[in-house]
Amino acid sequence: MVEILSINVGKPIQVQFHQKEVSTGIYKTPVEEPLFLSYLNFAGDGQADLAHHGGREKAVCVYSYDHYPYWEKVLQKTLDYGAFGENLTIRGLLETEVCIGDVFQLGEAVVQVSQPRQPCYKLSLKYGLTDMPLKVQDTGFTGFYFRVLEEGVVSRADGLTKIHSHPKAITVDYANHIMHRDKNNIEGIQRILEVEELSVNWRNTFMKRLGGQETDPSERLSGKA
């Protein structure tokens, strides 16, 4: 069983970034009481940029506390739970171990890994580092998303228990590597596309790449259109 250190939620707020006002849901705070997890999110949670966060396939953002010491050295500050805008701060499960399509029991709910988290400029907004999203992307310490297969009440004490390992065994780390670093690895792309449970967004991006089109990540990383 994977330990849940914190369940974090928060509604979007308006903040200033690059001389403009943007809406962000990256500021999450821990809650102690059990929460209902619907197909879209935890009760009391919300996302601002629904193109890159939230929705049925990205209902729950998960991040490992095992990465916190690294980021505390980079940022030279102590980080609280939910530091990366994640809904679940966990311990004992890394991107190198969890696979797209793996299914977990989460309290009364059943959830499934849909894709890696793609860091965006909201991390720059929060920490004042222009290259923070790229740092997260390059380390591979991205976290990942769950889609919800069965709704239910979740408490921190429930932990996270894997109930199905996907037979294709495509780790979040491998998917990140092919998406961001080894972009011309056609065999790798095809391996990932064999996982039917891969999110529509990632599937579309890889399909475009096979057709010779590359998605430009600059707006996601910088916030500049």
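What's counted below: heavy atoms across the whole structure, side chains too, no hydrogens, waters or symmetry copies. For reference, positions follow the sequence shown, starting with 1.
By the neighbour-count criterion of 12 heavy atoms within 6.0 Å, atom CD of Glu21 is densely surrounded, having more than that number from other residues, nucleotides or ligands. Remark: Lys208 NZ is loosely packed, at most 12 non-hydrogen atoms of other residues, nucleotides or ligands lying under 6.0 Å away. No more than 12 heavy atoms of other residues, nucleotides or ligands lie within 6.0 Å of CD in Gln76, so this atom counts as exposed by the packing criterion. In Lys135, the NZ atom is not crowded: 12 or fewer heavy atoms of neighbouring residues, nucleotides or ligands sit closer than 6.0 Å.
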Exercise. Decide side chain to side chain donor-acceptor pair (under 3.5 Å) for Asn201 and Ser199; before the verdict, give the C-alpha distance in whole Å, the side-chain angles of both, and the deciding distance to 0.1 Å.
Key: CA-CA 5 Å; Asn201 282 351; Ser199 72; 5.7 Å; no

Quiz item: Between Trp202 and Ile192, is a side chain to side chain contact (heavy atoms under 4.5 Å, CB included) present by the stated rule, with each step listed?
Solution: CA-CA 10 Å; Trp202 272 55; Ile192 296 170; 5.6 Å; no

Practice problem: Mind running side chain to side chain donor-acceptor pair (under 3.5 Å) on Asp173 and Thr171 for me, showing each step along the way? | Solution: CA-CA 5 Å; Asp173 183 68; Thr171 65; 4.9 Å; no

Quiz prompt | salt bridge (charged side-chain N to carboxylate O under 4.0 Å, His left out) between Lys162 and Asp102, worked out | solution = CA-CA 7 Å; Lys162 187 191 287 187; Asp102 283 355; 3.5 Å; yes

Quiz prompt | Worked verdict on Phe104 versus Val98 for side chain to side chain contact (heavy atoms under 4.5 Å, CB included) | solution = CA-CA 11 Å; Phe104 292 82; Val98 66; 4.0 Å; yes

Quiz item: side chain to side chain contact (heavy atoms under 4.5 Å, CB included) between Trp71 and Thr139: does it pass, once the steps are laid out?
Solution: CA-CA 10 Å; Trp71 293 118; Thr139 58; 3.6 Å; yes

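Geometrically, Arg117 does not engage Phe144 in a cation-pi contact, judged by NZ or CZ lying under 6.0 Å from the ring centre and within 45° of the ring axis.
Between the Glu57 side chain and the Val200 main chain, a donor and an acceptor come within less than 3.5 Å of each other. A distance-only check finds a donor-acceptor pair linking the side chain of Ser124 to the backbone of Thr130 [under 3.5 Å]. In this structure, the side chain of Glu150 does not engage the main chain of Val111 through any donor-acceptor pair within 3.5 Å. Panel note: side chain Arg203, backbone Leu193; a donor-acceptor pair is recorded below 3.5 Å. One N or O on the side chain of Asn185 and one on the backbone of Gly188 form a donor-acceptor pair closer than 3.5 Å. Remark: the backbone N or O of Lys168 is paired with a side-chain donor or acceptor of His166 at under 3.5 angstrom. Side-chain atoms of Glu187 do not come within 3.5 Å of backbone N or O of Arg191 as any donor-acceptor pair. In this structure, Glu108 contributes its side chain and Gly152 its backbone to no donor-acceptor pair below 3.5 Å. Of the possible donor and acceptor atoms, none in the side chain of Gln112 sits under 3.5 Å from a partner among the backbone N and O of Arg147.
Taking a cutoff of 4.0 Å between a charged side-chain nitrogen and a carboxylate oxygen, Arg209 and Glu214 qualify as a salt bridge.
Side-chain polar atoms of His67 and Glu95 form a donor-acceptor pair below 3.5 angstrom. Looking at Gln137 and Arg181, their side chains never bring a donor and an acceptor atom within 3.5 Å of each other. Under the 3.5 Å distance criterion, with hydrogens and angles disregarded, no donor-acceptor pair is assigned to the side chains of Thr161 and Gln105.
Checking Tyr63, Phe84, Tyr70 one by one against Phe141, the ring-ring contact (aromatic ring centres under 6.0 Å, His included) holds for a single residue, Tyr70. In summary, of the residues considered (Leu160, Asn87, Val103), a side chain to side chain contact (heavy atoms under 4.5 Å, CB included) with Phe146 occurs for Leu160 alone.
With values rounded to the nearest 0.5 angstrom, Thr89 atom OG1 is found 10.0 Å from Asp80 atom CG. Atom OG1 of Thr215 and atom CD of Gln118 lie 8.5 Å apart (nearest 0.5 Å). With rounding to the nearest 0.5 Å, the separation of CG in Asn8 from NZ in Lys28 is 9.0 Å. Here the straight-line distance linking atom CD1 of Ile100 with atom CD1 of Ile170 works out to 8.5 Å at 0.5 Å rounding.
The closest side-chain heavy-atom distance from Pro133 to Val136 is not below 4.5 Å. When side chains are defined from C-beta on, Val60 does not count as touching Tyr145, because their heavy atoms never get closer than 4.5 Å. Taking 4.5 Å as the limit, every side-chain heavy atom of Leu5 sits out of range of all side-chain heavy atoms of Arg156.
Tyr65 and Tyr68 have tilted rings, their planes meeting at an angle from 30° to 60° on a 0 to 90° scale.
Neither Val110 nor Val154 shares a network with the other; the hydrophobic side chains, linked directly or stepwise wherever heavy atoms of I, L, V, M, F, W or Y lie under 4.5 Å apart, form separate groups for each.
Outside the 6.0 Å centre-distance limit, the rings of Phe42 and Phe36 are not counted as a close aromatic pair.
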